[in-house]
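First the proteins, then the strands, lettered A, B, ... as listed; each starts at 1.
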Amino acid sequence: MIRFLRGLRERVRVLLGRERFEAQLDAEIQFHIEESTRRYIDSGMEPRAARLAALRDLGGVEMTKEQVRNETGVRFVQDFAQDVRYGLRTLAKRPGFALALVATIGLAIGSNAAVFSVVHSILLDPLPFSEPDRIVRVYNNYPGARVTKAENSVRDYHDRREGVEAFAEVALFTEMAHSMGREDGTQHVFAMQVTPSFFSVFGGIPAIGTLFPEQLTRGAANYAVIGDDLWRSAFGGDPGVVGSTIFLDGSAFELMGVLPPDFEFATWDAQVYTPLVFAAESRFAPARNADRFHMVAKLRPDATVENAQAQLDALNATLVDGYPAQDRSAALSSGFHSEVRGYLTDLTAPVRRPLLLLWLGALIVLVAAVANVTTLFLIRATGRRREISCRLALGAGRGRVFRQLLTESLLISVVGGAVGIALATWSLRFLAAFEVYEIPRVDRVAISPWVVAAGVATSLAFGMIATLLPARGLLWGGGSQLGGTSRTSLSERPSRVHHVLVGLQISFAFVLVMTTGLLVETLRNLHSVRLGFDPSQVAVGATNLPRNGYPDGVARAQFAHALVDALREHPDIAAAAIASQLPFSGVSNQIAVIPEGTSVNPGDVAPRAYSTAVTPEYFETMAMPVLAGQAFTTSDRANTRGVAIVDEDLARALWPDESPIGRQVWLGARTGDPRDVVEIVGVVSSIRQNSLTERQLPGAIYVPFSQRPTGFFRIAARTTGSVADVPALAQETMARLDPTLLYYWVDDLVGTVDGSLLLRRLPMRLLSAFSGVALFLVVMGVYGVTTYVVSARTAELGLRMALGGTPKGIAGRFALEWSSVVTGGLALGLLGALLMLPVVRSLLFGTSGLDVRVASAAIALVVAATGLSFAWPIRRALGIDPARALTSTD
Amino acid sequence: MGESKADVLLGTLDLLLLKLLELGPNHGWGLAERLEEVSSGVFQVNQGSVYPALQRLKRKGFITSSWGVSENGRRARYYELTQGGMGALKEELARWARTAGAVEQVIALTPPTPKVGS
């Protein structure tokens with residue numbers, strides 16, 4: 001050990017004191033020669049001869065010194081430093097070349113680092129709960145009634161807690177919005193009502209206080225637990241808050257505990273949790289399919305999703321068997337079954353395809369970049385053939401020259417990698433600013449050390465690959481190239497390798513351009529989908545009326561109408577309405593519509609429709625034409641005849657050949673109570689409810705807000721002024737009516753509709769960028785190779801011109817060479833685009849993916865880019881004076 | 001180039017230098033001279049190969065160097081055996097003895113009497 005350390009000290013001394021080491025070595029050898037010379041003189045030799053004899057005995061001063069240097073053990077470090085200096089000098093001579101390479105590698109590594117960071121943070125990173133793999137989500141599906149991923153009932157909760165062995169714990173939760181009051185005012189909070197078991201499922205441990213006890217009874221349920229964010233922002237992080245009182249929509253809740261900062265649930269942090277407690281008799285509630293709660297469960301340590309699914313299927317089968325006859329046949333004919341999904345899988349399901357597509361896109365850019373960098377290095381290597389041959393001829397070892405070449409490419413690739421990581425970090429900061437609800441966990445996307453490590457490894461691999469191919473030809477390519485340059489130039493051809501590499505780049509670029517084209521086409525198709533309403537100039541918001549101040553429907557309806565009237569007083573507001581839900585804002589209310597007089601046979605599934613309660617001016621606000629009958633009026637009240645308006649689709653589905661006006665329908669269920677019957681008074685145009693791409697239900701039914709008022713509602717206002725001015729106006733108007741209310745979830749309807757396209761638009765934009773990069777690589781590759789070929793064949797070109805060749809003819813010969821490369825590249829690209837199709841298909845709309853128009857456009861774009869980057873150097877070359885061309889030797 | 005000479009001595013040159021340094025500190029020239037004197041006629045030592053060998057021994061921590069004044073009043077780099085070098089010398093000598101003994105035994109073998117008609 002000591003010996004090793006001493007040796008190490010010696011190495012360090014040599015490395016750091018290089019000049020001193022050399023001086024001492026020199027002095028030592030000089031001393032040797034002088035002593036040796038003196039001995040020969042002493043033995044009677046003539047001084048000159050004595051010195052020669054001394055030198056001969058030593059075996060050469062420089063040779064000896066070199067051998068000593070080789071024994072220092074730090075030679076490679078010194079060589080490396082020398083290589084770096086030499087490499088930097090060589091690169092500085094060709095700054096364009098270095099820049100192009102750094103840009104290529106930077107873009108390739110940057111895009112991959114960014115996309116992989118997103119993939120990692122969203123799809124792969126475990127959820128911030130204890131044992132996240134054991135958490136599952138449970139849904140009920142009724143495919144026969146076209147209802148999928150429906151939520152769960154209270155009975156489901158009781159049944160599954162007891163009846164599914166694989167579940168260690170089951171919990172229900174539901175989201176709600178409240179205004180939270182303290183002495184210092186009112187703020188809007190997201191809240192969740194959760195069963196006490198919720199925190200056991202997610203492994204929540206309170207930072208302060210306690211969570212809900214399992215034995216909480218319905219009477220004593222006015223407790224609340226808050227999240228870390230709210231605790232810090234509203235309570236100043238005061239540890240003494242436990243036991244204090246907060247007001248949610250005017251009702252008092254006792255604060256029980258505070259959650260730790262790392263308890264992040266779903267895509268946003270619920271700030272307030274209140275207990276969801278069921279009375280004992282809820283166990284036997286008759287409405288077994290009142291599916292309104294989200295269900296989560298934690299698997300037992302030894303159970304899998306498949307176990308749970310099998311047990312749940314068995315449980316359902318047993319339960320359905322015990323249903324009353326009518327319920328049983330309804331369940332069977334609707335194809336009722338439940339579904340267990342891993343929590344992370346479920347959460348990230350909508351973004352998995354787009355992310356996978358982006359990842360593929362980034363990988364394609366990476367491979368194209370490798371091909372490009374190799375091409376450029378190959379070209380440059382050919383240019384350096386003489387230099388390398390010269391060094392080899394002067395006795396440089398092949399390994400030494402290889403190391404030199406490797407150092408140069410590593411220099412470039414490491415700088416490129418650093419640029420790439422910087423680029424990725426910068427672009428992710430940009431992405432994180434989006435914080436969109438549609439992309440789960442987007443707020444936590446960040447570059448991880450793993451991504452950086454992968455980036456570094458990739459850039460080193462770049463350097464290696466870019467060295468190996470050119471070095472093979474240079475160092476082991478047989479035969480000295482010394483002096484042969486001017487003779488060989490006539491026959492110099494770009495090697496097949498160049499063409500293959502450029503052809504590959506063309507195919508990669510085509511795959512990306514084609515895929516981007518399909519997404520562009522998709523978005524164009526989506527933009528031309530008829531919405532059925534006009535979102536422009538419509539501002540939207542939401543509020544909810546606390547039960548304390550607005551105990552019944554009459555009070556709520558009264559406030560709603562007062563609010564609409566107050567809004568309408570403003571000169572800019574052309575129309576305003578209140579609705580229980582708005583299109584593209586997470587429409588979920590549906591209702592069974594049973595026409596009076598039709599008999600529903602046992603087992604029949606009643607037709608369902610989107611159900612929305614609206615104030616009279618709703619259709620005007622949304623610019624939905626009333627096609628038959630009339631809109632609601634202010635004289636539709638809670639105590640007047642129940643009325644409804646259907647849309648075209650529902651009218652056609654229920655009364656295919658007759659007018660729906662005057663028809664009576666039951667809503668929800670045929671109760672037999674005449675007050676539940678409503679009469680159709682009008683038909684409006686159909687609208688897209690939630691999505692531009694699909695329709696889940698056949699139609700929609702609208703009822704007067706006054707007859708079915710809700711505590712939570714949306715507000716829509718059509719303005720003749722600026723949409724951005726409406727929120728302040730609405731908040732102010734509302735505060736005048738009731739200062740405790742808040743106007744939140746502020747948006748404009750155009751933005752809301754647009755948001756639904758995010759998962760298509762974002763990949764489209766990023767893929768466009770990737771396509772741009774790939775095309776840029778093709779341009780660089782083709783330009784580089786052509787420039788090289790032209791310069792290598794300058795003499796040949798001159799000769800041809802001198803012998804009467806026309807520029808056109810010569811350009812034609814070059815074009816012919818390239819056309820096969822382009823054709824090959826495109827053919828391969830078409831194949832690649834076909835292989836991409838399964839990934840991209842689910843994102844497409846209005847195009848099958850085998851789109852001739854898009855394909856032709858993509859081909860045209862790639863050919864144009866190739867043609868331009870080919871034509872430029874050729875044009876320049878053909879302007880050359882034949883005499884000069886023939887005498888040029890390079 | 002003298003490489004062949006150095007190659008012949010590669011294994012033993014380190015041993016010889018360590019042994020000479022056991023006699024006392026010396027400079028490169030002195031070592032080369034002694035080596036020639038002592039082994040004259042047996043090895044043809046390339047004087048230049050002494051220096052890389054010294055650098056190698058120094059790197060291994062077997063010897064140290066310091067600047068001193070030579071017999072005729074000139075500045076010279078003197079090499080000196082370290083504790084570790086002493087140990088290494090013992091090991092090398094033992095190994096040499098084993099090798100030499102083995103070689104002795106091998107060359108002492110007498111060829112078997114050839115069988116008739118083989």
Next item on the list: Compute the ring centroids of B:Tyr79 and B:Tyr51, then answer whether they are less than 6.0 Å apart.
Entry: no

Side chain, backbone, both or neither: which part of [X] has a heavy atom under 4.5 Å from chain B?
X: A:Gln24; value: both
X: A:Ile33; value: neither
X: A:Arg39; value: side chain

Next item on the list: Select one option (side chain, backbone, both, neither) describing which atoms of B:Ser70 are under 4.5 Å from chain A's heavy atoms.
Entry: side chain

Next item on the list: Would you please say whether a donor-acceptor pair under 3.5 Å links the side chains of B:Lys58 and B:Thr64?
Entry: no

Checklist line | Any donor-acceptor N or O pair under 3.5 Å, side chains A:Glu71, A:Gln67 | finding: no

Check: Can you check whether A:Val84's main-chain N or O pairs, donor with acceptor, with A:Thr407's side chain at less than 3.5 Å?
Finding: no

